[in-house]
Amino acid sequence: MAQERRHGEFKVSGGKLVVADLGVVDGRLADVSLNGDFFLEPDEALEDINVALTGLSEHASQQEIVGAVEAALAHDVVLFGFSPQAIATAVRRALAHATTWDDHAWEVIPPVVRPTLENLALDEVLAREVGAGRRPPALRLWDWEEPSVVIGSFQSLRNEVDAEGARRHGVSVVRRVSGGGAMFMEAGNCITYSLYLPQTLVDGLSFSESYPFLDRWVMQAFQEMGLEAFYVPLNDIATEHGKIGGAAQKRFAGGGMVHHVTMSYDIDAQKMTEVLRIGKEKLSDKGHRSAKKRVDPLRRQTGMARADVVAKLMEVFRARYGAAEGAVRDAELAAARELVATKFATPEWIARVP
């Protein structure tokens, strides 16, 4: 019986296409052929890579594949436009251990006004549901009414928030599951979205690589809005006029993850500085003297209504990934509300780093 051929591709960001064609015999890689539009010197190194991959377990990890390739290459071999990590990702995609956007049936969940705590809990619930295979990956746009400060998972409550300022302005303080910095959120002053996806989509990517990878569609949307946006490592999205947003991630046991982004649309900078404690050290690598100057609203840069910016984001995501319209299911909403009561609304969680 002829062995089934497996095919995997990986396009290096800013680099070349790497393709792995291979078979599997008795759980081992067989007849491996690495190819693509990359550059490699000397030519003979290509066969060395194929030999190094042949015989590996079909369950070999990213690190094991990278190690096998690196061990097979002489010190004078030059890989241009690709890397052992890119080879490993192409191989794992051929084996279906790593996936591409096209391997999934995506949904777009339009914004529905919900309490901030409910939005936070839905991030955990939906990410875990994707990891368990009980729902398709999705993009969900947030909406809310009450003013809130959302602090990162590892931030100190007292160091980040001016409690008296928050009380004076009626701002609730909550904590999310992901790391990163605090977000000042009033209704209509920013745009927040969450991506729920299997971790196989970012298999082989470092954390720093996964951020711009997951937001390529956003850069396309900005371009169509007349903005040239780019990533500032690790997790800031900016234009030539300044920072417009920040991203954060949380990866859960079970294989699901959430990647979410908040972008400023029309923030009251004075109120924000009265509620958040934004110190000089935070601004030291940003090139700004004042926290107020960090806010560069999308409203001014695009000239578009907030609803139109949100609509453009959904339009581009749908077109790029063939996404269907989805919704939060009743069971998911019930689970999120239970999680609000048992976790997100509790003093133990909100002040877990005092």
Side-chain angles (χ1 to χ4, degrees), residues 8-11 13 62 89-90 92-112 114 118-143 176-180 191-207 209-221 231 235 237 245 247-263 310-336 339:
E9 299 183 359
F10 177 68
K11 173 65 169 63
S13 179
Q62 178 86 7
T89 299
R92 286 179 59 80
R93 284 186 173 179
L95 296 167
H97 299 319
T99 57
T100 70
W101 292 91
D102 291 339
D103 292 325
H104 304 286
W106 292 87
E107 287 186 355
V108 172
I109 302 176
V112 173
R114 302 183 187 281
E118 199 170 277
N119 278 313
L120 292 172
L122 278 170
D123 272 2
E124 179 167 342
V125 169
L126 297 183
R128 290 188 183 277
E129 288 295 289
V130 169
R134 290 189 289 263
R135 72 136 36 246
L139 165 70
R140 181 176 71 90
L141 280 298
W142 290 31
D143 220 338
R176 64 179 184 272
V177 292
S178 62
I191 295 171
T192 296
Y193 66 81
S194 297
L195 276 174
Y196 311 108
L197 60 138
Q199 293 174 35
T200 55
L201 187 61
V202 295
D203 184 273
L205 300 180
S206 67
F207 273 89
E209 290 169 333
S210 70
Y211 279 85
F213 170 76
L214 292 174
D215 284 330
R216 284 178 184 169
W217 65 276
V218 180
M219 302 309 170
Q220 178 186 335
Y231 248 87
N235 63 329
I237 298 174
Q249 293 180 4
K250 171 65 177 178
R251 305 184 185 199
F252 295 95
M257 64 179 284
V258 58
H259 170 93
H260 42 202
V261 171
T262 292
M263 299 175 286
V310 170
K312 171 57 75 172
L313 292 175
M314 292 191 293
E315 172 194 317
V316 169
F317 192 90
R318 288 189 187 104
R320 184 170 178 132
Y321 302 122
E325 183 149 332
V328 174
R329 300 165 180 171
D330 290 344
E332 294 166 341
L333 184 57
L339 201 56

Are E107 and R135 within salt-bridge range, i.e. N to O under 4.0 Å?
yes

Assess, by modelled atom type and distance only, whether the side chains of T200 and D203 contain a donor and an acceptor separated by less than 3.5 Å.
no

The reported gap from CE in M257 to OG in S210 (rounded to nearest 0.5 angstrom) is 5.5 Å

Cation-pi geometry met for R92 and F10 (6.0 Å, 45°)
no

List the atom of T100, the atom of L201, and the distance in Å for their closest heavy-atom pair.
C-CD1, 3.4 Å

Any chance you could measure Q249, atom CD, to N235, atom CG, to the nearest 0.5 Å?
9.0 Å

Report the C-alpha distance between K312 and E315 in whole Å, list the side-chain angles of each, state the deciding distance to 0.1 Å, and finish with yes or no for salt bridge (charged side-chain N to carboxylate O under 4.0 Å, His left out).
CA-CA 5 Å; K312 171 57 75 172; E315 172 194 317; 3.1 Å; yes

How many angstroms lie between CD in Q62 and CG in L205, if you round to the nearest 0.5 Å?
8.0 Å

Side chains of S13 and E209: do they bring a donor and an acceptor to under 3.5 Å?
no

Working to the nearest 0.5 angstrom, can you tell me the gap between Y193 OH and H259 NE2?
5.0 Å

Looking at OG of S194 and CG of L122, how far apart are the two atoms once the value is rounded to the nearest 0.5 Å?
9.0 Å

Any chance you could measure M219, atom CE, to Y231, atom OH, to the nearest 0.5 Å?
5.5 Å

